[in-house]
Amino acid sequence: MMGEATKFFDEMVERGILPNEVTYNLLIDGHCREGNTVRAFEFFDEMVKRGLVHDTYTYRPLISGLCSTGRVSEAKTFVDDLHKENYKLNEMCYSALLHGYCKEGRLHDALGACREMIERGIDMDLVCYAVLICGALKQQDTGRLFGLFNEMHNQGLRPDNVIYTSMIDVYGKRGKLDKAFGVWDIMVGEGCLPNVVTYTALVYGLCKAGYMDKAELLCKDMLVGDTLPNHVTYGCFLDHLSKEGSMEKAIQLHNTMLAGLSANTVTYNILIRGFCKMGKFQEASDLLVEMTANDRGLKPDILAYNFLIYGCCVTGELAKAFELRDDMMKRGLKPDRVTYNTLIHGTCLTS
DNA sequence: ATAGGGTTAG
């Protein structure tokens with residue numbers, strides 16, 4: 001809600017209350033989370049003009065922001081420049097950079113940055129290890145995975161919930177359910193309790209492999225374990241049902257969810273995609289209306305529109321597809337590459 | 001007084 005935050009900032013300045021480092025760091029973090037790194041760096045510069053000092057609370061969001069907008073090399077340059085000019089960074093700043101590299105599948109560069117971090121006198125902590133372990137898992141680099149576990153162990157650090165969950169997630173997505181359950185057993189054996197995220201990762205794996213019945217049983221187990229399935233957990237079921245074309249069952253589950261946990265943009269998108277793939281544009285379109293109803297307050301995003309446009313294209317209703325394109329622009333959503341590819345594909349099919 | 005890693009959609 002950066003619009004709101006900015007209003008308060010303006011009000012504060014107007015009333016003569018001087019913003020300090022905390023004020024600026026919060027705004028910088030917020031803008032970065034919204035992907036507006038340009039605005040964030042404007043505040044970064046403004047701090048200097050006001051005589052305010054940057055610290056790791058300022059740097060960390062900027063590094064994350066650059067990484068999440070696809071500019072990991074700029075993030076690296078930023079980090080290196082700060083180091084050269086003797087500004088102190090900490091493990092949180094570095095873990096943000098490592099995360100950026102790993103998300104792009106650049107484990108090798110992450111390990112390089114890690115070495116530099118250690119040379120610069122900053123110790124790896126559990127989060128740094130978690131990020132690298134997740135990277136090694138996704139790259140299927142077993143050698144480095146074991147190396148990291150060993151190193152972590154030698155530093156006296158034990159894997160936690162998050163690390164175990166990453167493993168379960170990756171193995172589950174790859175259909176290696178035996179391995180996923182193996183990790184689960186180790187985790188429980190270590191006295192580390194699975195939470196809703198852990199359960200959900202396993203539920204997704206089970207659904208994907210076609211074991212919906214087992215996934216349902218796992219949800220019942222959750223209740224015993226004093227955790228509750230959330231909208232993400234239900235999203236896994238919706239995803240699977242939609243992919244196999246069981247839209248009736250999916251809607252049934254969706255309606256059950258509406259009674260308790262509220263659906264979010266992702267769960268609506270899963271359903272919209274499902275109907276569109278089956279050529280049921282009307283049902284998909286009704287869901288768009290449902291999600292925007294006042295009491296839900298959800299905003300359709302580019303994905304929802306792209307699915308709907310796809311739905312029109314496959315049924316040959318090209319005029320409607322272009323109407324939707326206009327409609328999304330009116331809502332301030334910029335058509336992206338997928339939007340245009342879908343429209344081009346639809347036009348080719350029709351003419 | 002402000003931070004980082006793990007779960008659902010193309």
Side-chain angles (χ1 to χ4, degrees), chain A residues 5 19-30 32-33 55-65 67-68 89-100 102-103 110 124-135 137-138 159-170 172-173 183 187 192 194-205 207-208 222 227 229-243 250 253 257 261 263-274 276-277 300-310 336-339 341-342:
Chain A
N20 65 2
E21 276 88 351
V22 177
T23 326
Y24 275 92
N25 290 343
L26 287 166
L27 286 166
I28 287 170
D29 189 31
C32 286
R33 282 173 201 274
D55 63 6
T56 57
Y57 286 92
T58 327
Y59 305 136
R60 208 260 339 138
L62 289 164
I63 296 162
S64 296
C67 288
S68 63
L89 295 168
N90 64 7
E91 68 285 355
M92 301 217 184
C93 300
Y94 279 95
S95 66
L97 180 63
L98 304 183
H99 190 222
C102 287
K103 259 198 327 202
M124 296 263 290
D125 68 357
L126 194 62
V127 175
C128 292
Y129 279 108
V131 168
L132 294 175
I133 284 170
C134 187
L137 277 164
K138 289 186 173 156
D160 67 355
N161 210 308
V162 175
I163 292 176
Y164 286 124
T165 303
S166 306
M167 300 180 78
I168 291 168
D169 173 54
V170 169
K173 284 199 170 82
V183 173
M187 173 178 179
C192 196
N195 63 11
V196 62
V197 183
T198 322
Y199 274 100
T200 302
L202 201 49
V203 162
Y204 184 84
C207 284
K208 195 180 177 204
M222 285 181 78
T227 46
N230 63 14
H231 57 286
V232 183
T233 322
Y234 286 111
C236 298
F237 287 99
L238 292 178
D239 181 51
H240 184 72
L241 290 167
S242 299
K243 279 180 181 154
L253 180 58
M257 279 174 65
L261 299 150
N264 69 357
T265 309
V266 179
T267 54
Y268 272 103
N269 283 350
I270 293 169
L271 294 167
I272 290 171
R273 179 203 62 192
C276 287
K277 289 226 160 162
D301 60 6
I302 300 181
L303 260 78
Y305 274 98
N306 287 350
F307 292 140
L308 287 163
I309 289 170
Y310 174 83
D336 65 3
R337 181 164 49 198
V338 177
T339 319
N341 281 351
T342 310

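Order of the sequence lines fixes the chain letters, A, B, ..., with proteins taken first and strands second; residue numbering starts at 1 for each chain.
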Enquirer: Remember a base hit wins even if backbone is also touched, and classify A:Tyr268 as base, sugar-phosphate or nothing at under 4.0 Å, heavy atoms.
Expert: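 No contact.
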Enquirer: Can you give one letter per nucleotide of nucleotides 2-7 of chain B, going 5' to 3': B for a protein heavy atom under 4.0 Å from the base, S for sugar-phosphate only, - for none?
Expert: BBBBBB
Enquirer: Could I get the full list of side-chain contact (heavy atoms from CB on, under 4.5 Å) partners for A:Leu253, not counting sequence neighbours?
Expert: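 A:Leu253 satisfies side-chain contact (heavy atoms from CB on, under 4.5 Å) with A:Tyr234, A:Phe237, A:Leu238, A:Leu241 once adjacent residues are dropped.
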Enquirer: Taking only residues two or more places apart in sequence or in another chain, which ones pass ring-ring contact (aromatic ring centres under 6.0 Å, His included) with A:Tyr310?
Expert: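 With neighbours one apart ignored, the set is empty.
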Enquirer: Nearest whole Å is fine: how far is B:dA9 P from A:Asp336 CG?
Expert: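 Distance check: A:Asp336 CG to B:dA9 P gives 17 Å.
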Enquirer: Look at A:Arg273 and B:dG10 and indicate whether a side-chain polar atom (N or O) is within less than 4.0 Å of OP1 or OP2.
Expert: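 For B:dG10, OP1/OP2 do have a side-chain N/O of A:Arg273 under 4.0 Å.
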Enquirer: Assign A:Asn306 to base, sugar-phosphate, or nothing according to its heavy-atom contacts below 4.0 angstrom with the strands shown.
Expert: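 Since a base atom lies under 4.0 Å of A:Asn306, the category is base.
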Enquirer: Checking A:Tyr129 now: which residues fulfil side-chain hydrogen bond (donor to acceptor under 3.5 Å, both in side chains) with it, not counting sequence neighbours?
Expert: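 Once residues adjacent in sequence are excluded, the partners of A:Tyr129 under the side-chain hydrogen bond (donor to acceptor under 3.5 Å, both in side chains) criterion are A:Glu151.
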Enquirer: The criterion is side-chain contact (heavy atoms from CB on, under 4.5 Å); which residues satisfy it with A:Ser95, sequence neighbours excluded?
Expert: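 With neighbours one apart ignored, the set is A:Val127, A:Cys128.
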Enquirer: Under the rule for side-chain contact (heavy atoms from CB on, under 4.5 Å), what residues qualify as partners of A:Thr23, not counting sequence neighbours?
Expert: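 Scan of A:Thr23 (side-chain contact (heavy atoms from CB on, under 4.5 Å), adjacent residues dropped) gives A:Phe9, A:Met12, A:Pro19, A:Asn20.
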Enquirer: Expressed in angstrom and rounded to an integer, what is the separation of A:Leu303 atom CG from B:dG10 atom P?
Expert: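 Between P of B:dG10 and CG of A:Leu303: 8 Å.
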Enquirer: Rounded to the nearest angstrom, tell me the gap between atom NE2 in A:His231 and atom P in B:dA9.
Expert: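 Going from NE2 in A:His231 over to P in B:dA9 covers 13 Å.
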Enquirer: When A:Thr165 is tested against each of A:Val197, A:Leu202, A:Asp160 for side chain to side chain contact (heavy atoms under 4.5 Å, CB included), which residue passes?
Expert: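 That would be A:Val197; it is the only one of A:Val197, A:Leu202, A:Asp160 passing the side chain to side chain contact (heavy atoms under 4.5 Å, CB included) with A:Thr165.
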